[in-house]
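The structure under discussion appears below in the form of structure tokens.
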Amino acid sequence: MNNENNILVEVKDLKTHFPIKAGVLSKTVGHVKAVDGVSFSIPAGKTLGLVGESGCGKTTVGRTMIRLIQPTEGSFTFDGKDVFSLPPDKMKELRQDIQMMFQDPYGSLNPRMTVEGIIGEAMKVHKYASGKERRNRVADLMRKVGLSPEHLNRYPHEFSGGQRQRIGIARALALDPKFIICDEPVSALDVSIQSQIINLMQDLQEQFNLTYLFVAHDLAVVEHISDFVAVMYLGRIVEYADRDELYANPKHPYTSALLSAIPEPDPSRQKQRIPLGGEVPSPSNPPSGCPFHPRCPMAEEQCRHQTQTLSPKGDSDQHQAACWKVK
Amino acid sequence: MTQNGDNLLSIQNLSTHFYTEQGLVKAVQDVSFDIPLGKTLAVVGESGCGKSVTALSVMRLIPWPPGKIVAGSITFDDESLREASESRMRHIRGNDIAMIFQEPMTSLNPVFTVGNQIVEAVKLHQKKSGREAWDIAVDMMRKVGIADPERRVTEYPHQMSGGMRQRVMIAMALCCGPKLLIADEPTTALDVTIQAQIMELLRDLQQKENMSIMLITHDLGVVAESADDVVVMYASRVVETAKAGDLFENPLHPYTQGLLKSLPRLGEKKERLDVIAGTVPNPLHFPSGCKFHPRCPIGKDKKQCQTQEPLLLEVSTGRCVSCWFAEGHEEAFKRQGTNDESI
């Protein structure tokens with residue numbers, strides 16, 4: 001582990017471009033720049049919330065990090081190892097430490113496998129435990145995530161959405177990982193179940209000193225669970241700060257608009273809404289200059305031409321935003 | 001709640017059951033509420049609580065078999081919808097009552113242009129020539145805030161984004177000037193900034209056309225912003241009805257209280273979120289007594305809650321709750337008892 005400031009995860013200038021193919025010969029005619037230069041780091045035991053609207057590339061960041069999608073450029077250093085240049089056998093080893101949780105508790109569990117099979121599969125593949133030991137460990141994991149171990153032999157369809165998400169969590173924990181990439185883990189769940197899962201994730205983080213990358217679109221959930229927050233727009237991070245700072249003092253106009261768009265469950269607290277016209281542009285043909293300028297309420301001529309990079313705002317260099325107009 | 005002349009839609013004791021192979025599913029039981037003219041009523045609840053089935057019952061779109069409205073009355077504009085003939089219902093649907101759905105992807109036909117689909121709705125209900133209907137379509141698209149409508153009417157659904165498709169759905173629903181719009185989770189599939197645009201649009205159109213809206217949602221934030229009245233449903237029954245302001249200020253039913261407490265809110269610093277324990281019950285095996293009792297912090301161990309289903313009673317003007325231990329419920333129960341005797 002990098003002992004200087006305990007950074008476990010460090011992503012530098014990550015780019016993931018998908019080629020657009022057309023014609024009989026499938027010639028590449030362009031690129032969808034799903035992720036276009038993303039950098040962040042997460043200290044061990046902390047949570048980084050990655051928020052943005054659909055199509056901004058937040059899910060692709062997570063998937064590229066565990067090399068489910070090949071990166072185009074950039075580096076990802078995990079625990080001192082350069083993940084993107086590892087040979088396959090080393091990569092397999094590393095996957096024990098990095099696990100993933102998915103959004104859809106219905107689609108992400110194999111309907112033909114029992115719960116024991118689902119949770120135990122990774123242990124089998126990685127020869128982590130076998131026989132009775134594996135069974136005991138599965139039962140143990142089920143207890144930890146609040147499922148009853150008697151249900152070991154049941155199939156996913158016998159469980160409710162919230163319980164399935166717990167199975168997904170148990171599966172992610174099976175190999176004692178250090179880092180979990182959570183891709184919208186609560187957005188498909190009912191309101192009363194969401195809070196149960198969030199609490200569970202926080203308990204487990206404390207218990208096992210887990211590091212989370214929490215990808216979500218719900219800013220209220222992200223505020224609750226994260227230590228640091230990065231806001232993405234069209235493949236780039238437009239603002240990064242620690243949680244309290246970002247929510248109290250948003251700098252980038254996109255973050256402010258996003259925060260103001262959330263309906264508050266309290267009719268007496270009517271807030272001033274910053275209207276955002278239009279929609280997220282296509283990442284295959286992003287606008288020139290600052291990608292947010294066609295929707296930005298404070299855009300000027302200069303925004304059309306000048307690309308924006310993250311730079312420190314306010315007094316701390318921990319708060320960064322990609323907008324030249326804010327100080 | 002009392003019936004009065006201002007109510008556009010009035011539902012009394014509606015029950016809808018599904019006769020499935022696994023058994024009888026009582027999806028909606030004894031649901032009553034009114035929607036006044038020009039107001040928005042929100043029906044809130046988690047998945048499987050019966051909110052969508054209530055809406056489909058109003059439209060008489062429950063497929064038989066397996067589903068059936070088994071009891072209750074639905075009065076729309078002084079007309080009983082339960083007794084209306086199928087041809088009369090076809091006239092009402094789309095014309096007087098329109099519906100928009102959650103999934104703008106799947107509720108539009110992918111092989112026709114959006115203009116075609118709006119024109120179809122117009123022609124079905126109004127005696128218009130093709131040219132006139134097309135003009136109405138372009139006009140509606142402009143009204144719902146689609147830029148360059150002349151060009152976009154000739155586009156197919158796949159050429160549009162989710163927010164645009166939802167606007168097309170709204171245009172289609174409103175092209176015949178309905179009196180009641182049923183919006184079933186209209187913004188759930190959309191991003192927050194687009195959600196804000198769509199809700200704003202609905203509020204705008206409602207004011208202009210003096211339309212009533214039945215808003216079905218699970219998002220309490222959306223409810224707080226748009227609804228005048230709120231109906232909270234849990235496991236096929238209404239557990240609480242109130243004016244939106246009252247509900248958020250002072251929720252009476254333990255389920256409503258739990259829901260409001262469990263929401264993470266912006267700017268609120270909490271170490272842990274409050275939770276409602278347990279899971280939403282399976283409609284095939286609802287618990288006995290009060291359906292919320294296994295998850296309820298008050299009623300979990302109380303005999304009365306385990307065995308007796310509480311009645312939905314009016315505890316103050318416009319405010320009903322069904323919980324034995326909610327504020328005012330006991331008095332209301334006694335009052336009701338004496339009323340029954342006097343009759």
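Being a predicted model, the structure only gives us computed values, none of them experimental. Numbers restart at 1 for each chain; the letters A, B, ... are given by sequence-line order, proteins then strands.
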Just so I understand: if I count every heavy-atom pair under 4.5 Å between each of [options] and chain A, which residue has the most?
| options | result |
| --- | --- |
| B/Ala147, B/Gly258, B/Gly278, B/Ala244 | B/Gly278 |
| B/Val275, B/Thr193, B/Val223 | B/Thr193 |
| B/Lys261, B/Arg295, B/His218 | B/Arg295 |

**CA sep, side-chain torsions, deciding dist, call: A/Glu264, B/Glu225, side chain to side chain contact (heavy atoms under 4.5 Å, CB included)** = CA-CA 7 Å; A/Glu264 195 92 36; B/Glu225 244 171 33; 5.6 Å; no

**Asked** What distance do B/Thr279 atom OG1 and A/Ile193 atom CD1 have between them, rounded to the nearest 0.5 Å?
**Response**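 The CD1 atom of A/Ile193 is 6.0 Å from OG1 of B/Thr279, to the nearest 0.5 Å.
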
**Request:** Any chance you could measure B/Leu273, atom CG, to A/Ile225, atom CD1, to the nearest 0.5 Å?
**Result:**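 Nearest 0.5 Å value for the CG-CD1 distance: 8.5 Å.
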
Contact origin within [X] toward chain B - heavy atom pairs under 4.5 Å:
| X | answer |
| --- | --- |
| A/Ser160 | side chain |
| A/Ile198 | side chain |
| A/Gln196 | both |

Atom group of [X] that falls short of 4.5 Å from chain A, counting heavy atoms:
| X | answer |
| --- | --- |
| B/Met199 | neither |
| B/Glu46 | both |
| B/Asn282 | neither |
| B/Ala277 | backbone |
| B/Leu263 | side chain |

Non-hydrogen atoms of [X] and [Y] that approach each other most closely:
| X | Y | result |
| --- | --- | --- |
| B/Pro264 | A/His224 | CB-CB, 4.2 Å |
| B/Gln197 | A/Leu276 | NE2-O, 2.6 Å |
| B/Val222 | A/Pro263 | N-CB, 3.7 Å |
| A/Ala261 | B/Val192 | CB-O, 3.9 Å |

Evaluate whether atom [atom1] of [X] has more than 12 neighbouring non-hydrogen atoms of other residues, nucleotides or ligands under 6.0 angstrom away.
| X | atom1 | answer |
| --- | --- | --- |
| A/Lys144 | NZ | yes |
| A/Glu206 | CD | no |
| A/Glu158 | CD | yes |
| B/Glu271 | CD | no |

**Request:** With a 4.5 Å cut-off on heavy-atom pairs, point out which of A/Glu223, A/Gln194, A/His217, A/Arg243 contacts chain B the most.
**Result:**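 Of A/Glu223, A/Gln194, A/His217, A/Arg243, A/Glu223 has the most heavy-atom pairs under 4.5 Å with chain B.
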
**Message:** Has A/Asp190 got a side-chain atom pairing as donor or acceptor with B/Ser47's backbone, closer than 3.5 angstrom?
**Reply:**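 Judged by distance alone, yes, a pair lies under 3.5 Å.
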
**Asked** Would you find a donor on one side and an acceptor on the other, under 3.5 Å apart, between the side chain of A/Asn199 and the backbone of B/Arg272?
**Response**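 Not a single qualifying donor-acceptor pair exists.
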
**Request:** Could you check if a side-chain atom of A/Ser192 sits within less than 4.5 angstrom of a side-chain atom of B/Leu259, using non-hydrogen atoms only?
**Result:**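 A side-chain contact under 4.5 Å exists here.
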
